[in-house]
Amino acid sequence: MNTELLSIYLNDHLAGVIAGTELARRVSRTHPELRVFADDVDSDRKELLDFMREAGVESRPHKAAIGWLSEKAGRLKYNGRVLGRSPLSDVLELEALRVGIESKSAMWRTLRQLKSFDEDRLERLSRRAEGQAELVEQHRLRLAPQALTAPAQSGVDVERTFTVASSPEGVVEYLRDFARTEQWDPGTVSCTRLGEGPVEVGARWRNVSTFLGRRTELVYELTRDDPDGLRFVGRNDTATATDDISITPGATPGTARIAYHAHLEFNGLAKLGAPVAKLALEKLGADTEKSLIRVLGSVR
């Protein structure tokens, strides 16, 4: 066996696997249901490093750096939105993951042909790659029609994903009452319920908050309410704010993983302030994450 050529081959694939791991983690922050998939992709990276050690092949740091940088550079590609995440981003990222999985699968098959590594282990990894490809394809086909028919938007987006020391059911129950934003949203001055009755889809609140140094009033409506998440949509004459909150079980019992996505869409001349609003919304998102962890419990 030509060790030098094997080293080049495996290090090239290592760069690809590292890029795939970073991309899988990024996708799982937007789609928490793919968190286990992202863990599997990271496990494949560790498996490859084991094979390299077994073959006496050293990993080359510059190749690893190229893989990491490749994923970061991919985020700069224009996907139809300048200031926020485009619906098309999901589709393109999943397609990139699918290509990476196919390349990784080909590598496992190549190593089997060398007859120098554990064939049972490589067979298991090949089957896992097939399952990964099928899972990614299912999500890609589900999201593609939505992405390619999404209406044009010119707003800004902020996303945060974090874990709290509360059960998913407890998190949904707490966040369902939007009046509690007074407790966890740093920008909220006051939030009062409009109307009476149970808090359910259609319930509304008047929210007064400060943003960019000005006091703003929006009427929010609960438009999604299920065990996996909530959606609140707030409107006034100049903007529409959408808060999507996905809630899934955390890695340990009694914890919950929250994926928070805020979208702010401007109307008329207010669109000119979008670049400044993006910076302010990023800071507000970071402060909101800290507040929610404080209120719902920090995972030690």
Side-chain angles (χ1 to χ4, degrees), residues 24-40 85 87 89-90 93-94 131 134-147 150 157-185 188 191 193-205 207 218-235 240-263 285 288-300:
R25 286 172 175 163
R26 173 174 168 78
V27 169
S28 70
R29 287 195 288 271
T30 307
H31 301 280
E33 67 273 15
L34 292 176
R35 186 174 69 239
V36 174
F37 160 76
D39 292 340
D40 280 348
R85 182 176 174 83
S89 299
D90 285 331
E93 288 173 351
L94 289 170
E134 182 178 353
L135 178 64
V136 166
E137 184 68 1
Q138 289 174 354
H139 280 269
R140 187 186 73 84
L141 292 177
R142 177 175 60 84
L143 294 171
Q146 305 171 27
D157 297 84
V158 169
E159 299 170 351
R160 292 290 185 276
T161 302
F162 50 93
T163 302
V164 296
S166 298
S167 68
E169 298 81 7
V171 172
V172 172
E173 182 62 29
Y174 176 79
L175 294 179
R176 179 182 288 118
D177 186 354
F178 203 65
R180 293 194 176 109
T181 53
E182 294 181 3
Q183 302 172 17
W184 58 263
D185 180 9
T188 293
C191 190
R193 174 81 185 275
L194 299 174
E196 300 178 349
V199 175
E200 57 188 10
V201 170
R204 299 190 306 152
W205 295 261
N207 180 280
L218 294 93
V219 173
Y220 277 86
E221 180 178 348
L222 177 60
T223 62
R224 174 195 173 196
D225 181 7
D226 59 59
D228 297 322
L230 305 160
R231 178 181 296 115
F232 298 93
V233 180
R235 294 183 174 87
T240 298
T242 302
D243 291 350
D244 270 306
I245 309 172
S246 296
I247 300 144
T248 54
T252 57
T255 64
R257 186 177 177 87
I258 299 175
Y260 181 85
H261 176 201
H263 176 76
T288 297
E289 176 182 344
K290 293 177 183 177
S291 294
L292 281 171
I293 291 175
R294 173 180 53 79
V295 171
L296 295 171
S298 175
V299 177
R300 302 297 181 183

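These numbers come from the heavy atoms of this one structure, side chains and all, not from hydrogens, waters or symmetry mates. What you are looking at is a predicted structure, and each value in this text was computed from that prediction instead of being measured.
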Q: Working to the nearest 0.5 Å, report the span between CG of Asp39 and CZ of Arg25.
A: 8.5 Å
Q) Among all residues two or more places apart in sequence or in another chain, which pass the salt bridge (Lys or Arg N to Asp or Glu O under 4.0 Å) test with Arg176? A) Glu173, Asp225
Q) Which pair of non-hydrogen atoms, one from Pro32 and one from Thr248, has the smallest distance, and what is that distance? A) CB-OG1, 3.7 Å
Q) Of the non-hydrogen atoms in Ala165 and Ser298, which two are nearest, and what is the gap between them? A) CB-O, 3.7 Å
(Q) Distance check, rounded to the nearest 0.5 Å: Thr223 atom OG1 versus Asp244 atom CG? (A) 7.5 Å
Q: Determine yes or no for a side-chain-to-main-chain donor-acceptor pair under 3.5 angstrom, with Arg193 supplying the side chain and Glu196 the backbone.
A: yes
Q.
Using the rule given for side-chain contact (heavy atoms from CB on, under 4.5 Å), can you reason through Val164 versus Val295, listing the C-alpha separation, both sets of side-chain angles and the distance that settles it, and then say yes or no?
A. CA-CA 9 Å; Val164 296; Val295 171; over 6 Å; no
(Q) Minimum heavy-atom separation for Ala256 and Ser167, please, with both atom names. (A) CB-C, 4.0 Å
Q) With sequence neighbours excluded, what pairs up with Phe37 under the ring pair (Phe, Tyr, Trp, His ring centres under 6.0 Å) test? A) none
Q | Between CZ on residue Arg180 and OG1 on residue Thr188, distance to nearest 0.5 Å | A | 14.0 Å
(Q) For a side-chain contact (heavy atoms from CB on, under 4.5 Å) check, start with the C-alpha distance between Arg224 and Ser246, then their side-chain angles and the critical distance, and finish with the verdict. (A) CA-CA 11 Å; Arg224 174 195 173 196; Ser246 296; 4.2 Å; yes
Q. Between atom CG of Leu94 and atom NE2 of His31, what is the distance when rounded to the nearest 0.5 Å?
A. 6.5 Å
**Q.** Gap between atom CD of Glu221 and atom CZ of Arg204 - 0.5 Å precision
**A.** 7.0 Å
Q: Can you sort out the partners of Arg160 under salt bridge (Lys or Arg N to Asp or Glu O under 4.0 Å), two or more places apart, ordered by chain and number?
A: Glu282, Glu289
(Q) Less than 4.5 Å apart, side chain to side chain, heavy atoms only: is that true for Leu175 and Leu292? (A) yes
Q.
For the CG atom of Leu218 and the CZ atom of Phe232, what is their distance to the nearest 0.5 Å?
A. 14.0 Å
Q: Could you please spell out the steps behind the side-chain contact (heavy atoms from CB on, under 4.5 Å) verdict for His139 and Val27?
A: CA-CA 11 Å; His139 280 269; Val27 169; over 6 Å; no
**Q.** Worked verdict on Asp177 versus Trp205 for side-chain contact (heavy atoms from CB on, under 4.5 Å)
**A.** CA-CA 9 Å; Asp177 186 354; Trp205 295 261; 3.2 Å; yes
(Q) Using modelled atom types and a 3.5 Å cut-off, is there a donor and acceptor pairing between side-chain atoms of Ser166 and backbone atoms of Leu296? (A) yes
Q) Parallel, tilted or perpendicular: which fits the ring planes of Phe178 and Tyr220, with parallel below 30° and perpendicular above 60°? A) tilted
**Q.** Passing candidate, side chain to side chain contact (heavy atoms under 4.5 Å, CB included) with Arg231, options Thr242, Val201, Asp243
**A.** Thr242
Q: Evaluate the side-chain proximity of Lys290 to Ile293: yes if any heavy-atom separation is below 4.5 Å, no if none is.
A: no
